[in-house]
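Heads up, the thing below is written out as structure tokens.
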There are 2 protein chains.
Amino acid sequence: MKPPYYAVIFTSVKTENLEGYNEMAELMESLAKKQDGFLGVESASNEIGITVSYWKDLESIKKWKQNTAHLEAQKKGINSWYKSYTTRIALVEREYSFEL
Amino acid sequence: MKPPYYAVIFTSVKTENLEGYNEMAELMESLAKKQDGFLGVESASNEIGITVSYWKDLESIKKWKQNTAHLEAQKKGINSWYKSYTTRIALVEREYSFEL
């Protein structure tokens with residue numbers, strides 16, 4: 001993708017109570033992909049979870065943050081699944097890649 | 001950490017030849033922590049690897065990129081360990097956290 005665009009860096013530590021988590025994560029990913037301004041998402045997790053989603057602008061991030069289904073998921077996350085998390089909103093200024 | 005500061009988002013897909021990779025990753029992490037302007041690092045990996053390091057400014061990122069030991073590690077990465085990777089340099093504008 002050609003900068004500038006935005007990255008939302010979400011890092012988390014989960015609780016032991018992950019009932020319903022995977023289904024919700026999949027649902028949120030499929031919903032996010034339908035939002036205006038969504039550019040992509042990458043996730044990895046072991047001791048901590050890192051999800052980076054990419055967006056056209058701050059407006060599209062704000063809309064997704066306030067999406068009703070997403071608000072419900074955030075509430076469940078706080079009440080059940082997350083010990084802690086940090087969300088960072090960052091403007092991607094440069095990007096370079098290597099591919100075999 | 002209080003924005004603004006920088007995040008380097010490094011996402012990668014590794015090859016099957018990971019000989020020496022873990023040792024090098026540990027060495028690079030310990031070296032990075034000694035650099036001026038280094039603020040922190042978080043990593044997770046399963047199908048893909050995501051490492052996000054945090055830095056005070058572009059100058060400190062540039063110096064770390066050009067660090068001799070790090071250049072050697074980057075070369076080995078390209079020659080042996082990575083199928084592909086993308087590095088993104090991003091200015092963190094906002095940050096918010098939740099903790100139980």
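- More than 12 non-hydrogen atoms from other residues, nucleotides or ligands lie less than 6.0 angstrom from CG of D57(B).
- W55(B) and L91(B) fall within a single hydrophobic cluster, where Ile, Leu, Val, Met, Phe, Trp and Tyr are joined by side-chain heavy atoms under 4.5 Å apart, directly or via other members.
- Neither the backbone nor the side chain of S12(A) comes within contact range of chain B, judged by heavy atoms closer than 4.5 Å.
- Under a cut-off of 6.0 angstrom, the local environment of NZ in K14(B) is crowded, with over 12 non-hydrogen atoms contributed by other residues, nucleotides or ligands.
- Residues T86(B) and E95(A) are in side-chain contact: their nearest non-hydrogen atoms beyond the backbone lie under 4.5 Å apart.
- Comparing E47(A), E99(A), K83(A) by how many heavy-atom pairs each has under 4.5 Å with chain B, the most go to K83(A).
- Residue T11(A) touches chain B through its side chain alone, counting heavy-atom pairs closer than 4.5 Å.
- Between L100(A) and Y82(B) the shortest heavy-atom distance is CG-O, 3.7 Å.
- Under a cutoff of 6.0 Å and an axis angle of 45°, R88(A) and Y54(B) form a cation-pi pair.
- Rounding to the nearest 0.5 Å places CZ of R94(B) at 8.0 Å from CD1 of I61(A).
- Proximity of a side-chain donor or acceptor of N46(B) to a complementary backbone N or O of S45(A) within less than 3.5 Å is detected.
- Residue contact with chain B, scored on non-hydrogen atoms closer than 4.5 Å, is absent for F10(A).
- Counting heavy-atom pairs under 4.5 Å between each of G77(B), P4(B), S43(B) and chain A puts S43(B) at the top.
- Between chain B and the residues V13(A), V92(A), T87(A), the most heavy-atom pairs under 4.5 angstrom are made by T87(A).
- Residues Y6(A) and E93(B) have side chains that bring a donor and an acceptor to within less than 3.5 angstrom of each other.
- M1(A) and I89(A) sit in two unconnected hydrophobic clusters of ILVMFWY residues. Membership requires side-chain heavy atoms under 4.5 Å apart, directly or through other members.
- In the hydrophobic cluster analysis, where Ile, Leu, Val, Met, Phe, Trp and Tyr join through side-chain heavy atoms closer than 4.5 angstrom, W64(A) is grouped together with Y85(A).
- Heavy atoms of I9(B) lying under 4.5 Å from chain A belong exclusively to its side chain.
- One distance of note links CD1 of I48(A) with CD1 of I50(B); it measures 9.5 Å at 0.5 Å rounding.
- L71(B) and I78(B) fall into different hydrophobic clusters, where Ile, Leu, Val, Met, Phe, Trp and Tyr residues are linked whenever their side-chain heavy atoms come under 4.5 Å apart, directly or through other members.
- Geometric assessment of K75(B) against the ring of F98(A) yields a negative cation-pi assignment under the 6.0 Å and 45° thresholds.
- A continuous path of hydrophobic side-chain contacts links W81(B) to M28(B) [ILVMFWY only; heavy atoms under 4.5 Å].
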